[in-house]
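Have a look at the structure below before the remarks.
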Amino acid sequence: MNNSKYKPLGIFRFFLALCVLTSHSGIFLPKSIHGLYLGNIGVLMFFILSGFVISEACDIFYKENYRGYIANRFLKIYPAYWIVTILCFIVYPNLDMTLVPDIPKVNFSYESIFVNITLLTGYIKSFNNLVLLSQTWAVIVEFQFYFIVGVIIIFFKKNNKVLILFSIFSLALYLIISIFNLGNRFFGYYQFSPYFFFGSYLYFYMFKKVK
């Protein structure tokens, strides 16, 4: 896929970002717009787009460069996340946080700092209430996909059945989480995996003729 083909994806990503921004600005907008849940649509479409783009990255750009793939994903997320988290530790104590009850009170304990630095430890249920940036749930979901699908594609991309089997498994896990209301558990994040696998399958269907 050449750079010219990425331009429409970039425009689409910008549109999705606007949807999320609109959703988070809901209190300043008419209820008719707030009720469209544009943020949910934007995030879920981002997951599908990630499945598409990451599959292509693993298949072409990082074909034999596993360390490069991991380093790229790390640098893509952590530096910006750390900057914003540090700002939260500095700014939040000076604000009236009762207006945003979903954000935990700033805690300068070693445990809190560790959880906020690593981010992924937010997976653990007892640590959920220590992550200052509530929006990072989507980043945790993205990380989950980066590593799981990255491993699948890098090591099993020559076997199309593996991708299909993992897709079926993700759908089954999604149903189990939904039926038994397990979304409040750390593995509840897997309920979003079908979106990534759909995007991944789109890439292989369009450019690798996987059927």
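Computed from a predicted structure; not experimentally measured.
Hydrophobic cluster membership differs between L87 and I77, with clusters built from Ile, Leu, Val, Met, Phe, Trp and Tyr side chains linked at under 4.5 angstrom. Put simply, I83 and Y78 are part of two different groups of oily side chains (I, L, V, M, F, W, Y) that touch within less than 4.5 Å, one to the next. One hydrophobic cluster holds both I54 and L44 under the rule that ILVMFWY side chains link at heavy-atom gaps under 4.5 Å. Taken together through direct or relayed side-chain contacts under 4.5 Å among Ile, Leu, Val, Met, Phe, Trp and Tyr, V139 and L75 form part of one hydrophobic cluster.
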Going through the checks in order, is the side chain to side chain contact (heavy atoms under 4.5 Å, CB included) test met by I48 and F196? CA-CA 5 Å; I48 294 175; F196 291 106; over 6 Å; no
Starting from the C-alpha separation in whole Å, work towards a yes-or-no answer on side chain to side chain contact (heavy atoms under 4.5 Å, CB included) for M45 and F12. CA-CA 10 Å; M45 290 301 295; F12 185 50; 3.5 Å; yes
After noting the C-alpha distance and the side-chain angles of L133 and Y81, does the key distance pass the side chain to side chain contact (heavy atoms under 4.5 Å, CB included) rule? CA-CA 9 Å; L133 288 169; Y81 165 74; 3.9 Å; yes
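For the pair Y203 and S55, the tightest heavy-atom approach, listed with the atom from each and the gap, is CD2-CB, 3.8 Å. Of all the heavy atoms in Y92 and L132, the pair that sits closest is CE2-O, 3.9 Å.
Below 30°, between 30° and 60°, or above 60°: for F47 and Y195 the angle between ring planes is between 30° and 60°, a tilted geometry. Taking the six-membered ring where the residue is Trp, F108 and F89 present tilted rings, their angle falling between 30° and 60°.
The OG1 atom of T118 lies 11.5 Å from the CD1 atom of I113; values are rounded to the nearest 0.5 Å.
Listed for the N72 side chain is no donor-acceptor partner under 3.5 Å among the backbone atoms of G68. Looking only at distances, no side-chain donor or acceptor of Y69 sits under 3.5 Å from a matching main-chain atom of F61.
Considering only heavy atoms from C-beta on, T85 stays 4.5 Å or farther from I117 through its side chain. Two residues are said to be in side-chain contact when any heavy atoms from C-beta on lie closer than 4.5 Å; S200 and F52 fail this criterion. For the pair V106/P93, a side-chain contact is recorded, criterion being any heavy-atom separation below 4.5 Å from C-beta on. You'll find the side chain of F114 stays beyond 4.5 Å of the side chain of L130, heavy atoms only.
With sequence neighbours excluded, the residues forming a side-chain hydrogen bond (donor to acceptor under 3.5 Å, both in side chains) with N107 are S109, listed by chain and number.
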